[in-house]
Amino acid sequence: MPDPLDGLDDHRQREQLSLLRVNYGETIESARLSRLLLGFRSQKGIYKPAGSPYALWVRETLRGPYPDQEPEYRPDGTWTYRYSPEGRKGTIDMSLDTNRALLQCQEDAVPVGVLRQTSAGRGSSAYEVLGLAYVAGFDGTHFLLRGEPIEWETFGPAAVPGFPFRPFEERNPRESLEWRQLRDQRFGVVVRRAYHERCSLCEVGYRVRGRPLGLEAAHIIPVSERGTSADVRNGLLLCRNHHALFDAFAWAPDEDLRVHVAEDAPFRESAAANCVLEWEGRRLPNLPEKADLRPAAEAVRYRLNEFTQFWRY
Ligand SMILES: [Zn+2]
């Protein structure tokens with residue numbers, strides 16, 4: 001299936017949606033968004049460019065008039081998000097141009113960009129770009145927005161995929177570099193969200209001006225040319241130190257997600273001040289609360305085996 005953005009006649013709409021697509025998961029300051037995004041400076045809520053039948057983007061503000069809900073993520077990086085329609089005097093009015101423009105997007109399967117405010121205040125307002133979404137329905141109180149899947153070939157915009165864990169993915173040889181980067185980017189974002197932006201081992205996590213810092217999404221089955229899975233279940237969110245130690249086989253989790261630490265005496269001595277030893281034999285303290293986003297047994301077994309092999313001699 002071809003990229004649905006290629007079918008859009010309005011080149012400005014195509015350009016703006018592409019911009020939102022590649023910024024999936026990025027936190028961007030409002031001042032910059034005002035320069036990048038049509039209508040951002042003047043419009044809150046749903047933005048419909050003049051003369052277009054479609055909405056271009058929707059944004060949720062921190063102290064908006066409508067109750068906010070967290071997006072729900074799936075293992076492949078797709079998500080669903082419930083978004084309130086606009087109203088007049090506190091009552092939903094579906095005849096408003098903006099609401100109708102979103103319904104038109106649903107009718108013609110045209111995606112919209114979705115942004116969510118992460119910090120407010122003078123000079124420090126920022127938004128996270130959730131990415132592109134399709135309007136999947138309206139339930140009487142909210143629009144149901146469904147995040148764009150990355151595997152167009154398999155799923156298309158309307159299908160709801162099942163999610164068997166595949167440790168190695170069969171990559172489409174025609175997949176462009178852009179899509180490959182987008183896949184890696186999604187892996188990072190979904191892992192970050194699933195672990196609530198804190199290291200799985202020491203639970204450290206920082207945010208400066210709404211932007212998360214110091215954390216990295218680690219692949220449990222190491223990255224290789226074979227197409228290591230970009231599924232969140234092949235990931236752990238780690239601070240930079242614990243990621244470096246993980247990559248060097250200083251520690252590894254087992255199938256119960258308990259921490260194994262290398263027996264190597266010089267390493268253990270050097271790590272005395274580090275959380276690794278403190279957590280030896282215990283379960284990783286920070287894991288996704290949804291079981292279907294936690295590390296897959298198959299991935300963890302693979303890693304533990306590599307860890308054992310590494311220290312064999
Ligand atoms: Zn850590």
Side-chain angles (χ1 to χ4, degrees), residues 24-27 70 73 75 77 118-119 126 128 165 167 183-224 228-311:
Y24 173 100
E26 295 291 328
T27 300
E70 287 291 314
Y73 279 79
T118 58
S119 77
E128 179 177 4
F165 179 73
R183 188 191 301 277
D184 292 343
Q185 187 185 355
R186 281 195 177 207
F187 173 74
V189 172
V190 181
V191 170
R192 210 179 77 209
R193 308 242 7 165
Y195 289 79
H196 298 289
E197 296 175 6
R198 285 183 295 121
C199 174
S200 184
L201 183 62
C202 69
E203 304 188 79
V204 153
Y206 304 103
R207 250 179 196 272
V208 177
R209 281 197 156 181
R211 187 174 293 134
L213 286 178
L215 294 168
E216 298 169 347
H219 288 85
I220 299 174
I221 299 177
V223 184
S224 73
T228 308
S229 176
D231 187 308
V232 64
R233 291 165 293 184
N234 186 37
L236 276 177
L237 189 68
L238 298 173
C239 68
R240 287 184 182 165
N241 278 338
H242 289 137
H243 190 182
L245 292 173
F246 183 69
D247 282 351
F249 296 109
W251 69 279
D254 68 11
E255 266 185 71
D256 297 322
L257 301 172
R258 264 190 270 274
V259 176
H260 288 242
V261 181
E263 294 298 338
D264 186 62
F267 164 67
R268 296 178 77 91
E269 207 172 305
S270 72
N274 193 296
C275 287
V276 170
L277 292 180
E278 200 180 303
W279 283 97
E280 184 168 23
R282 290 154 77 186
R283 198 159 194 253
L284 285 169
N286 177 34
L287 289 165
E289 58 289 290
K290 278 173 77 182
D292 61 356
L293 298 181
R294 287 181 204 149
E298 211 174 337
V300 171
R301 263 200 308 270
Y302 186 101
R303 184 80 192 191
L304 192 61
N305 182 48
E306 293 219 325
F307 170 85
T308 313
Q309 295 296 328
F310 182 83
W311 290 105

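These values consider heavy atoms only, across backbone and side chains, with no hydrogens, waters or symmetry-generated copies. Computed from a predicted model, the values in this text were never measured in an experiment. Order of listing sets the numbers, starting from 1, for every ligand and every atom in it.
Checked against Val232 for a side chain to side chain contact (heavy atoms under 4.5 Å, CB included), the options Val191, Asp292, Leu237 give a single hit: Val191.
Taking 2.8 Å as the threshold, Cys199 counts as a candidate ligand of the Zn ion (ligand 1), since one of its N, O or S atoms lies below it.
One finds no salt bridge joining Glu70 and Lys290 here, because no Lys/Arg side-chain nitrogen approaches an Asp/Glu carboxylate oxygen to under 4.0 Å.
At the Zn ion (ligand 1), the vertex angle linking SG of Cys202 with SG of Cys239 is 110° (nearest 10 degrees).
Interatomic distance, Cys199 SG to Tyr206 OH, rounded to the nearest 0.5 Å: 10.5 Å.
Annotation: Phe310, atom CZ; neighbour count of heavy atoms from other residues, nucleotides and ligands within 6.0 Å is above 12.
Take the N/O/S atoms of His242: the one nearest the Zn ion (ligand 1) is ND1.
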